[in-house]
Visitor: 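Questions regarding the structure given below will be posed in turn.
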Amino acid sequence: MGRRLSCCCLLVAVCLAAFAVVPSASQPSLTVATPSSKNKNTQLKCTNTKTNRTTCTVSCNNRCPHKCLIQCPSCKTFCLCDFYPGVSCGDPRFTGADGNNFYFHGKKDQDFCVVSDAHLHINAHFIGKRNPAMSRDFTWIQALGIRFAHHRLYVGAVKTAEWDAAADHLTIAFDDEDVALPRFVGSRWAPPTAPALSVTRTAQVNTVVVELRGVFRIMANVVPITAEDSRIHNYGVTDDDSLAHLDLGFKFYDLTDDVHGVLGQTYRPDYVNKLDVKSNMPVMGGAPDYLSSGLFSADCAVARFGRRQEAAAASIGGPAIAMVTDDME
């Protein structure tokens with residue numbers, strides 16, 4: 001039986017330094033701020049119920065000076081990759097539904113089940129670099145392959161040798177057809193064959209919110225590995241690849257108790273976190289359990305997609321429902 005999961009809504013809009021957002025007065029709103037180099041403050045038009053201020057001016061804190069979350073109406077700021085269940089950032093650091101951070105390194109050029117449930121399956125494609133001094137790859141999530149019903153949705157970062165913040169490095173495809181999304185904040189696309197699905201730009205380029213009504217909301221933001229990042233962490237970024245990848249925020253509305261996957265398992269009511277949460281880098285292993293043969297394949301060892309339909313069909317001696325269980329590869 002499905003269960004409602006309450007976790008923080010990651011964002012409803014991305015705002016540049018001079019972009020004003022008017023949130024709903026009925027509940028707090030989280031907005032992503034990306035201050036410019038000339039003006040590190042961001043102004044939001046929202047009413048603080050304690051002070052009755054209609055505008056607050058805030059700056060991102062030192063841990064995340066280039067991008068942060070601002071909460072209206074309290075005008076508090078948080079780093080994008082902290083505190084919130086369902087976040088995946090950088091060398092994939094996830095925040096589970098239990099609020100604990102963990103790393104899942106996987107392996108470059110392979111696909112892994114992030115979430116697998118009866119009616120929803122999300123795989124992630126990993127890119128990376130090999131550090132000869134280490135026993136693992138540096139990895140990042142380059143794309144998501146999302147399956148629901150008989151549909152499949154691709155959200156990915158385009159490989160680029162030189163990062164241009166003014167260019168759009170995000171690519172989206174639905175049922176193998178490219179999605180053209182106008183480059184202005186608030187532009188929205190919804191397919192006639194799946195009207196509950198929508199993609200909305202929250203910045204002119206590189207950031208969107210993907211929502212399947214009643215099922216999920218995903219924030220996807222394309223970011224590069226900068227030369228400074230590479231120098232500090234010894235990533236080994238070369239001139240032919242900026243390692244553009246996705247920082248992600250997930251919110252799920254109706255997962256079942258049987259959900260699985262790297263992130264999905266943390267939403268199970270029987271989930272027990274066996275990682276060393278006090279470690280600076282708690283790592284979730286077991287990569288073979290989550291390995292998929294392709295970005296849209298639901299064949300990882302912990303796959304749940306279509307299981308309910310298959311069981312129901314078997315009980316009456318009929319075929320599994322093709323709408324959900326066809327491989328589609």
Visitor: Does D178 have any salt bridge (charged side-chain N to carboxylate O under 4.0 Å, His left out) partners at least two apart in sequence or in another chain, and if so, which?
Guide: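 Listed in chain order: nothing, the list is empty.
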Visitor: For the atom pair NZ (K108) and CH2 (W140), what is the distance rounded to the nearest 0.5 Å?
Guide: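 Reported value, rounded in 0.5 Å steps: 10.0 Å.
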Visitor: List the atom of W163, the atom of S242, and the distance in Å for their closest heavy-atom pair.
Guide: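 Distance-wise, the nearest heavy atoms are CE3-OG, 4.3 Å.
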Visitor: To the nearest 0.5 Å, what is the distance between CZ (F126) and CG (L291)?
Guide: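 Those atoms lie 10.5 Å apart.
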Visitor: Could you report the tightest heavy-atom contact between G145 and F296, atom names first, then the distance?
Guide: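 Closest pair (atom of G145, atom of F296, distance): CA-CE2, 3.6 Å.
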Visitor: May I ask you to check whether over 12 heavy atoms, not counting those of R188, lie within 6.0 Å of atom CZ?
Guide: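 Count over threshold, so yes.
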Visitor: Does a donor on one side chain and an acceptor on the other come within less than 3.5 Å for D117 and H119?
Guide: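 No, H119 and D117 have no side-chain donor paired with an acceptor closer than 3.5 Å.
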Visitor: List in chain and number order the residues that pass ring-ring contact (aromatic ring centres under 6.0 Å, His included) with Y290, two or more places apart in sequence or in another chain; answer none if no residue qualifies.
Guide: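 Applying ring-ring contact (aromatic ring centres under 6.0 Å, His included) to Y290 gives F104.
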Visitor: Can you name the closest pair of heavy atoms from D254 and G214 and give their distance?
Guide: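 Shortest heavy-atom contact: CB-O, 3.9 Å.
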Visitor: Decide whether I225 and V205 are clustered together by the hydrophobic rule: side chain heavy atoms of Ile, Leu, Val, Met, Phe, Trp, Tyr closer than 4.5 Å, transitively.
Guide: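 In one cluster with I225: V205, no.
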Visitor: With rounding to the nearest 0.5 angstrom, report the CG to CD1 distance, L120 to I146.
Guide: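 These two atoms lie 7.5 Å from each other.
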Visitor: Are I218 and I122 close enough that some pair of their side-chain heavy atoms sits under 4.5 Å apart?
Guide: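 Yes. Closest side-chain heavy atoms under 4.5 Å.
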Visitor: Can you check whether S116 reaches V302 side chain to side chain, under 4.5 Å on heavy atoms?
Guide: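 No - every pair of side-chain heavy atoms lies 4.5 Å or more apart.
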Visitor: Less than 4.0 angstrom from a charged side-chain N to a carboxylate O is my criterion; do R268 and D258 meet it?
Guide: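 Yes, charged N to carboxylate O under 4.0 Å.
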Visitor: So L197 and V215, side chain to side chain contact (heavy atoms under 4.5 Å, CB included) or not? Walk me through it.
Guide: CA-CA 10 Å; L197 176 69; V215 181; over 6 Å; no
Visitor: Yes or no on side-chain hydrogen bond (donor to acceptor under 3.5 Å, both in side chains) for H121 and N123, after CA distance, side-chain angles and deciding distance?
Guide: CA-CA 7 Å; H121 189 89; N123 282 345; 2.8 Å; yes
Visitor: Has N221 got a side-chain atom pairing as donor or acceptor with D247's backbone, closer than 3.5 angstrom?
Guide: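 Judged by distance alone, no pair lies under 3.5 Å.
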Visitor: Does the S292 side chain pair with the main chain of G294, one donor and one acceptor, at a distance under 3.5 Å?
Guide: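 A pair under 3.5 Å: no.
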Visitor: State the CG-CG distance between L181 and D168, to the nearest 0.5 angstrom.
Guide: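 One finds 8.5 Å between CG of L181 and CG of D168.
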Visitor: Which heavy-atom pair separates A244 from V222 by the least distance, and what is that distance?
Guide: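 Looking at all heavy atoms of both residues, the closest pair is CB-CG1, 4.2 Å.
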Visitor: Do T207 side-chain atoms and T202 backbone N/O form a donor-acceptor pair below 3.5 Å?
Guide: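 Side chain of T207 to backbone of T202: no pair is present.
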Visitor: So V179 and V199, do their side chains get closer than 4.5 Å, heavy atoms only?
Guide: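 The answer is no, as the side chains (C-beta and beyond) never meet within the 4.5 Å cut-off.
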Visitor: Tell me if the aromatic rings of F216 and F252 count as close, with their centers under 6.0 Å from one another.
Guide: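 Between F252 and F216, which both carry aromatic rings, the centre distance is not below 6.0 Å.
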Visitor: Can you tell if the side chain of T95 reaches within under 4.5 Å of the side chain of L263, non-hydrogen atoms only?
Guide: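 No, their side chains stay 4.5 Å or more apart.
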Visitor: Looking at residues at least two apart in the chain, or sitting in another chain, which of them share a ring-ring contact (aromatic ring centres under 6.0 Å, His included) with F174?
Guide: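 If we apply the ring-ring contact (aromatic ring centres under 6.0 Å, His included) test to F174, skipping adjacent residues, the hits are H151, W189.
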Visitor: Same hydrophobic cluster for V223 and V210, using side-chain heavy-atom links shorter than 4.5 Å among ILVMFWY?
Guide: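 No; V210 is not reachable from V223 via cluster members.
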Visitor: Atom CG in N100, atom CE in M284: separation rounded to 0.5 Å?
Guide: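 Atom-to-atom, N100:CG and M284:CE are 10.0 Å apart.
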Visitor: Given 3.5 Å as the limit, does a donor-acceptor pair link the side chain of S187 with the main chain of P182, or not?
Guide: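 Yes, the answer is positive, given that a donor and an acceptor are paired below the 3.5 Å cut-off.
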Visitor: Can you find a pair of side-chain heavy atoms, one from R217 and one from V209, that are under 4.5 Å apart?
Guide: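 Counting from C-beta outward, R217 and V209 do come under 4.5 Å.
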Visitor: Considering only heavy atoms from C-beta outward, does the side chain of Y253 approach that of E211 to under 4.5 Å?
Guide: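 They are in contact (side-chain heavy atoms under 4.5 Å apart), so the answer is yes.
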Visitor: Taking C-beta and beyond as the side chain, do D175 and R152 meet within less than 4.5 Å on heavy atoms?
Guide: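 Result yes, sub-4.5 Å side-chain heavy-atom pair found.
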Visitor: Got L170 and V158 here, is their nearest side-chain heavy-atom distance under 4.5 Å?
Guide: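 Not touching, per the 4.5 Å side-chain cut-off.
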Visitor: Check the side chains of N273 and D98 for a donor-acceptor pair under 3.5 angstrom, ignoring hydrogens and angles.
Guide: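 Present: a donor and an acceptor within the cut-off.
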Visitor: Distance-only, no hydrogens or angles: does the T139 side chain make a donor-acceptor pair with backbone N or O of G128 under 3.5 Å?
Guide: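 It does not hold such a pair.
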Visitor: Counting distance only, does the side-chain N/O of N206 pair as donor-acceptor with the main-chain N or O of A167 below 3.5 Å?
Guide: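 Side chain of N206 to backbone of A167: a pair is present.
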Visitor: Look only at the side chain of Q142 and the backbone of A157, and say whether a donor-acceptor pair between them is shorter than 3.5 Å.
Guide: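 Answer holds: yes.
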Visitor: Which atom pair, heavy atoms only, marks the closest approach of A124 to V114?
Guide: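 That would be CB-CG2, 3.5 Å.
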Visitor: Check A303 against A298 and note the closest heavy-atom contact, atom names and distance.
Guide: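 Nearest pair, atom of A303 first, then A298: CB-O, 3.4 Å.
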Visitor: Atom CD1 in I141, atom NE2 in H245: separation rounded to 0.5 Å?
Guide: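 The distance works out to 9.0 Å.
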